[in-house]
Amino acid sequence: MEFTARTRTAIALLLSLAAFSSFLCGGVQGGRHHHHHAKHTKHNSARPPSAHAPGPASGGRRHASPPPHARRPVSPPAPPPSSSGGYPTPGAAAPEPAPAPAAAGSVYDVVKDFGAVGDGVTDDTDAVKTAWDTACQDDGDSVVLAAAGYSFLVHSTVFTGPCQGSVTIQLDGTIVAPSDPDKWPANSKRNWLLFYQAHGMSLKGAGLIDGKGQKWWELPCKSQKGHGGSSGHGAACDSPVAMRFFMTNNVTLQGLKVQNSPEFHIRFDSCRGVVASGLSISSPALSPNTDGIHVENSQDVVITNTAVSNGDDCVSIGAGTLNMHVENVTCGPGGHGISIGSLGKQGSRACVANVTVRNAVIRHSDNGVRIKTWQGGSGAVSAVSFENVRMDAVRNPIIIDQYYCLSKSCENATSAVFVNGVSYAGIRGTYDARTPPIHFGCSDAVPCTNITLSDVELLPASGETIDDPFCWNVYGSAATPTVPPVPCLMEGVPRNVEDNSSLKCY
């Protein structure tokens with residue numbers, strides 16, 4: 001086919017326009033792709049490169065990367081000690097796997113971004129605190145990373161909220177406290193790691209929090225231990241709680257090991273919406289006041305799949321606790337079991353309601369499931385359920401003690417915390433025959449009421465004699481035959497209690 005000159009010119013012009021259009025579109029697409037990649041690197045990388053390390057929220061300053069010699073990892077921490085070579089599996093549940101590192105979001109590495117040394121000797125308090133403060137100002141999901149292989153020495157610190165977004169502390173290394181009580185400021189001996197109004201925070205990982213409490217337990221003020229191995233709480237005996245969550249709502253703890261706290265290991269105070277799971281808590285059997293988890297003035301609390309071996313209460317439930325669920329928890333060897341109280345000290349009013357303890361194991365402890373109140377208090381303990389609890393050579397498997405006292409000078413009073421509506425179902429195992437397996441010591445002034453038992457079978461750990469239960473001013477019933485039999489429960493409800501609305505809290 002022959003083309004005219006005009007036709008050839010038109011074809012050449014069309015080809016030129018097509019080439020130019022292809023070049024133009026390719027350039028625009030390339031520019032868009034490059035811009036998207038830069039945005040992804042800034043906000044979603046698992047670890048921000050050191051050249052773009054985030055700095056404190058004030059002014060956008062950056063922390064320079066520490067020199068290479070400051071990053072030498074130390075050996076991974078050893079697991080907490082256990083006389084049995086490891087923690088028993090709580091109940092029938094399988095142990096929880098270590099929490100996976102938090103997903104996408106800004107990551108603030110205390111070593112790479114904030115200069116922590118992590119050798120267990122250098123003071124890393126400022127680096128850890130600044131990492132928290134920076135993450136707290138991030139309006140998205142952020143992670144403070146304390147990586148495995150490092151040991152961070154941290155002094156008494158307050159991690160303050162509320163935060164702009166949600167903050168997760170991913171602890172896979174170790175945090176250690178100063179070991180010498182003389183190194184602590186005089187006005188900072190009540191708390192070590194305090195989280196205040198840090199709503200929505202999480203503390204997760206396979207790491208260790210070590211309170212280094214040995215020298216605290218040996219202080220002269222603690223040398224004379226009171227009843228049950230607990231010392232007094234005078235000002236001279238102030239010792240720090242390892243982790244305290246105060247006025248912090250919607251908090252999650254998962255997977256951590258906590259050991260050797262000078263006093264309580266974990267304390268939730270005035271919190272709402274707490275989930276603690278997969279924890280391992282340990283200290284020696286004679287370490288005073290080392291409660292595993294203490295809860296007070298808090299509601300909607302869940303504690304699951306946790307093992308505690310310590311010198312005091314495994315889980316202690318204080319005044320103001322409402323809606324608490326404890327499941328698949330192992331206590332012991334050692335310690336004082338799971339306790340509600342002590343309540344009503346020095347005439348105070350205390351209210352505890354809607355507490356369930358289910359599928360627990362208590363081993364070689366001074367107590368099993370206990371309610372303890374002082375004479376002279378007021379308020380009530382109500383709607384409490386202990387279900388499917390296995391006892392292994394426990395001294396007081398089931399105990400209500402309304403004459404709790406740490407000295408010999410306590411006197412009876414005309415008022416007491418009212419204990420009502422407590423059920424014991426599926427409590428089985430063995431007891432230390434030095435004391436009766438069931439002890440209901442209720443107040444002369446205010447009896448215990450609506451106490452029910454079913455499927456209770458407690459046999460002596462050694463010998464063949466089954467001890468009779470102890471009952472004093474207690475009303476209730478046994479829905480099934482029990483071992484030992486409990487014929488000492490009185491029927492009905494006394495009129496002075498039934499018509500007395502002042503005894504009720506809720």
Side-chain angles (χ1 to χ4, degrees), residues 50 53-58 61-78 80 107-137 143-161 167 169-196 198 201 203 205 207-219 238-245 256-263 265-266:
S50 59
S58 57
R61 291 173 295 169
R62 294 200 304 259
H63 282 258
S65 296
H69 66 80
R71 300 190 200 173
R72 289 196 297 267
V74 297
S75 299
V107 177
Y108 302 94
D109 189 317
V110 299
V111 174
K112 294 184 177 181
D113 301 330
F114 295 91
V117 177
D119 61 1
V121 178
T122 304
D123 186 355
D124 287 324
T125 305
D126 288 344
V128 173
K129 180 64 166 59
T130 304
W132 167 270
D133 291 341
T134 305
C136 193
Q137 293 301 315
V143 177
V144 175
L145 176 62
Y150 294 94
S151 181
F152 304 99
L153 174 63
V154 177
H155 289 258
S156 178
T157 306
V158 180
F159 300 91
T160 305
V167 180
I169 298 178
Q170 181 70 33
L171 175 62
D172 294 316
T174 300
I175 294 179
V176 297
S179 60
D180 190 346
D182 293 336
K183 299 290 179 64
W184 289 66
N187 61 347
S188 298
K189 291 188 176 182
R190 300 302 299 271
N191 302 291
W192 175 30
L193 306 175
L194 172 61
F195 296 88
Y196 174 64
M201 70 155 294
L203 181 52
L208 170 67
I209 295 175
D210 189 348
K212 298 289 184 182
Q214 289 86 344
K215 291 184 179 180
W216 292 92
W217 308 327
E218 297 168 358
L219 291 174
D238 282 350
S239 301
V241 173
M243 285 192 293
R244 183 185 180 193
F245 298 85
L256 299 170
K257 300 178 180 68
V258 187
Q259 70 179 29
N260 296 333
S261 177
E263 204 167 275
H265 287 79
I266 301 170

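Below, each value reflects all heavy atoms present in this structure, side chains not excepted, and no hydrogens, waters or symmetry copies.
Put simply, CG on Leu193 and OG on Ser156 are 8.0 Å apart, with the number rounded to the nearest 0.5 Å. With values rounded to the nearest 0.5 angstrom, Asp238 atom CG is found 11.0 Å from Asn187 atom CG. Here the CD1-CD distance, from Ile209 to Gln259, works out to 10.5 Å after rounding to the nearest 0.5 Å. In this structure, OG1 in Thr122 is found 11.5 Å from CZ in Phe152, a value given to the nearest 0.5 Å. In this structure, CG in Asn260 is found 11.5 Å from OG in Ser179, a value given to the nearest 0.5 Å. Rounding to the nearest 0.5 Å places CG of Asp109 at 4.5 Å from CG of Leu145.
Side-chain atoms of Trp184 do not come within 3.5 Å of backbone N or O of Arg190 as any donor-acceptor pair. When atom types are taken as modelled, the side chain of Thr125 and the backbone of His155 share a donor-acceptor pair closer than 3.5 angstrom. Using a distance-only test at 3.5 Å, with no hydrogens or angles considered, a donor-acceptor pair links the side chain of Trp192 to the main chain of Val154. Ser261 places a side-chain N or O within donor-acceptor distance of the main-chain N or O of Ala242, the cut-off being under 3.5 Å. Of the possible donor and acceptor atoms, one in the side chain of Asp124 sits under 3.5 Å from a partner among the backbone N and O of Gly118.
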Could you please spell out the steps behind the side chain to side chain contact (heavy atoms under 4.5 Å, CB included) verdict for Leu203 and Leu256?
CA-CA 8 Å; Leu203 181 52; Leu256 299 170; 3.4 Å; yes

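Closest approach of Asp123 to Leu153, counting heavy atoms only: OD1-O, 3.6 Å. Across Lys212 and Ala177, no two heavy atoms sit closer than the pair CG-O, 3.4 Å. Listed here is the closest heavy atom pair of Thr160 and Trp132: O-NE1, 3.1 Å. The two atoms that bring Gly115 and Ala127 nearest to each other are C-CB, 4.4 Å, heavy atoms only. Heavy-atom minimum distance, Val258 versus Leu208: N-CD1, 4.5 Å. The two residues Pro181 and Lys215 make their nearest non-hydrogen contact at CD-CB, 3.7 Å.
Remark: Ala135 pairs with Tyr108, Ser142, Val144, Val167 by the side chain to side chain contact (heavy atoms under 4.5 Å, CB included) rule, at least two apart or across chains. Scanning for side chain to side chain donor-acceptor pair (under 3.5 Å) contacts around Asn191 gives an empty result, with sequence neighbours left out.
The side-chain heavy atoms of Asp126 and Phe114, taken from C-beta on, include no pair separated by under 4.5 Å. No side-chain heavy atom of Phe159 sits under 4.5 Å from any side-chain heavy atom of Met201.
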